[in-house]
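What follows is one structure encoded as structure tokens, with my remarks underneath.
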Amino acid sequence: MILQGQAFEPFTQEPIRLIGDGGEWVGPFELDLEPEKLRGFYLDMLLGRLIDERMSRLQRQGKTSFVAPSAGHEAAQVGMAHALRRGHDWLYPYYRDVALLTALGMPLIEFVGQVMGTRADPAKARQMPYHPGSRELNVFTVASPIASHVPPAVGTALAMKLSGRSEVVLCTFGDGATSEGDWHAGVNLAGAQGAPIVFACENNGYAISVDFKKQTGSDNIAVKAQSYGMPGYLVDGMDVLASYFVARDAVERAREGVGPSLIEFVVYRYGGHSSADDDARYRPREEVEAWRRRDPLARYRRFLERRDLWDDAAEEQARAELGTQLQDAITRAEAAGPAPVEWMFDDVYAEVPARLVRQRRELLG
């Protein structure tokens, strides 16, 4: 439900935030979340950070060909994950949504298997790394063409509306996606039809190497929502509680039949666009270091410590336990072995055409 009369105002000039830089609560309402849930946010963020670090090491070791760094996005992603009903609502993610997927419940073995392209990958290693999906969790497989998933997300939301189901769609993307025609077409249709969908822009300031100021003449992405008849929220995406509460309001708004929303989470990616990117060519180191001082994990840890919900011992234990879980997933994914090349012919046709039968026979000798 909408927060006891504390629904957030759309189209604010400053990003909505609930946690100050020192970890103090600055929200305009009383925080009523249980300590276990508050600690759970941090554990999900920490796991996302550890995955980011370990996958980058795997790429340097030649065990995967591609990594899309996600450090800096964890607060926005974990906040969104906790705003959804797991396995009930639908998610159309983009390739940087590591913490969103794992916080939503994607098993580590499935994510790691997909990144490494082994038999542990439910998609049988037929997608490039960092393009997972999940039938069980209603997660649409990540698509490489930017913004191409936005119209299908709207279609899914309209299907939920027409069928009378109380399911909501969350569609995430980077700031660069908002320059694509697919994005505008999809958002426009959602606004016109009142689709139960939440559009979430994780704006880290760069579409690969193109600065945000070269993407649009608008002050921000959230303001674009006015053109499509929906509210737009500008949120401090380095603040997990602001991300959670705004996303929760938007999701429940859609669930109650009020219509779509657009949320812009202002975040930063500490790594390059991908493992193939040299971000030093377009980002000054001073800028990166300034954003590192706003690290979402460090800020939220200060918040927990002020409430006596976290300390050095808890940090050490969490890192050890999560590290063990992650290493176990890596070991199991690698032990599963490489995906057989003949799997490329599976699951496309109910009856394999003669030409593919011939190609498979030629391939396998």
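The residues of the chain are indexed from 1 along the displayed sequence.
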Hydrophobic cluster membership, with links at side-chain heavy-atom distances under 4.5 Å among I/L/V/M/F/W/Y: are [X] and [Y] in one?
X    : Y    : value
L46  : L108 : yes
L84  : L33  : yes
W291 : V235 : yes
V267 : Y282 : yes

Checking the side chain of [X] only, and the main-chain atoms of [Y] only, is there a donor and an acceptor separated by less than 3.5 Å?
X    : Y    : result
R86  : L137 : no
Y92  : F173 : no
T216 : F212 : no
Q114 : M128 : yes
D97  : L101 : no
T64  : V115 : yes
T102 : V98  : yes

[X]: which residues meet the side-chain contact (heavy atoms from CB on, under 4.5 Å) condition with it, sequence neighbours left out?
X    : result
S65  : P129
D52  : P69, S70, A71
L189 : V154, L158, Q193

Between [X] and [Y], is any pair of side-chain heavy atoms under 4.5 Å apart?
X    : Y    : value
L104 : M106 : no
D239 : L241 : yes
F303 : R307 : yes
L356 : R360 : no
L50  : R319 : yes
E264 : P15  : no
D44  : V240 : no
V288 : R285 : yes

Derivation and outcome, side chain to side chain contact (heavy atoms under 4.5 Å, CB included), residues M55 and I330 | CA-CA 9 Å; M55 293 304 102; I330 294 171; 4.0 Å; yes
Where is the tightest heavy-atom contact between [X] and [Y], given as atom of each residue plus distance?
X    : Y    : value
F265 : G237 : CB-CA, 4.1 Å
A147 : E180 : CB-CB, 3.7 Å
A120 : G113 : CB-CA, 4.0 Å
I197 : A190 : CG2-CB, 3.9 Å
R119 : A336 : CD-O, 3.0 Å
V223 : S218 : CG1-CB, 3.9 Å

Hey, what else clusters with [X] if you join Ile, Leu, Val, Met, Phe, Trp, Tyr whenever side-chain heavy atoms sit under 4.5 Å?
X    : value
I208 : none
Y95  : Y94, V142, I146
V210 : none

Are more than 12 heavy atoms from other residues, nucleotides or ligands located less than 6.0 Å from atom [atom1] of [X]?
X    : atom1 : value
E34  : CD    : no
K213 : NZ    : no
R281 : CZ    : no
D219 : CG    : no
E36  : CD    : no

Applying ring-ring contact (aromatic ring centres under 6.0 Å, His included), which residue pairs with at least one partner in [range] are found, sequence neighbours left out?
range            : result
residues 31-67   : F41-H82, F41-Y244, Y42-W310
residues 339-365 : none
residues 102-125 : F111-Y130

Test log, rule side chain to side chain contact (heavy atoms under 4.5 Å, CB included), inputs I51 and V112 = CA-CA 9 Å; I51 292 173; V112 174; over 6 Å; no
Give the C-alpha distance, both sets of side-chain angles, the deciding distance and a yes or no for side chain to side chain contact (heavy atoms under 4.5 Å, CB included) between I19 and D236.
-> CA-CA 9 Å; I19 303 175; D236 180 354; over 6 Å; no
What do the steps show when you test N204 against D175 for side chain to side chain contact (heavy atoms under 4.5 Å, CB included), and what is the final call?
-> CA-CA 7 Å; N204 59 34; D175 50 290; 3.6 Å; yes
Results of side-chain hydrogen bond (donor to acceptor under 3.5 Å, both in side chains) for Y206 - residues two or more places apart only =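 side-chain hydrogen bond (donor to acceptor under 3.5 Å, both in side chains) check on Y206 returns E287.
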side-chain hydrogen bond (donor to acceptor under 3.5 Å, both in side chains) partners for D347, two or more places apart =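 So D347 forms a side-chain hydrogen bond (donor to acceptor under 3.5 Å, both in side chains) with K124, R126.
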Will you find, in the side chains of R96 and Q77, an N or O donor that is under 3.5 Å from an N or O acceptor?
->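 R96 vs Q77: no donor-acceptor pair found between side chains.
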Rounded distance [0.5 Å steps], CZ in R294 versus CD in E289 =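 One gets 14.5 Å once the value is rounded to the nearest 0.5 Å.
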For R332 and D328, what are the C-alpha separation, side-chain angles and deciding distance, and is it a salt bridge (charged side-chain N to carboxylate O under 4.0 Å, His left out)?
-> CA-CA 6 Å; R332 291 166 56 205; D328 177 66; 3.6 Å; yes
Could R255 and D89 be called an ion pair, given the rule that one side-chain N must be under 4.0 Å from one carboxylate O?
->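 Looking at R255 and D89, the cut-off is met.
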Tabulate below the donor-acceptor pairs under 3.5 Å that side-chain atoms of residues 162-171 make, not counting sequence neighbours, or state none.
from : atom 1 : to   : atom 2 : distance (Å)
S163 : OG     : A159 : O      : 2.9
S163 : OG     : M160 : O      : 3.1
R165 : NE     : E167 : OE2    : 3.0
R165 : NH2    : E167 : OE1    : 3.1
R165 : NH2    : E167 : OE2    : 3.0
S166 : OG     : H88  : NE2    : 3.4
E167 : OE1    : W90  : NE1    : 2.7

Step by step, work out the salt bridge (charged side-chain N to carboxylate O under 4.0 Å, His left out) result for D295 and R302.
-> CA-CA 11 Å; D295 190 302; R302 289 192 291 270; over 6 Å; no
Go through the steps to decide whether E305 and R301 satisfy the test salt bridge (charged side-chain N to carboxylate O under 4.0 Å, His left out), and finish with yes or no.
-> CA-CA 6 Å; E305 290 174 339; R301 179 177 172 178; 2.8 Å; yes
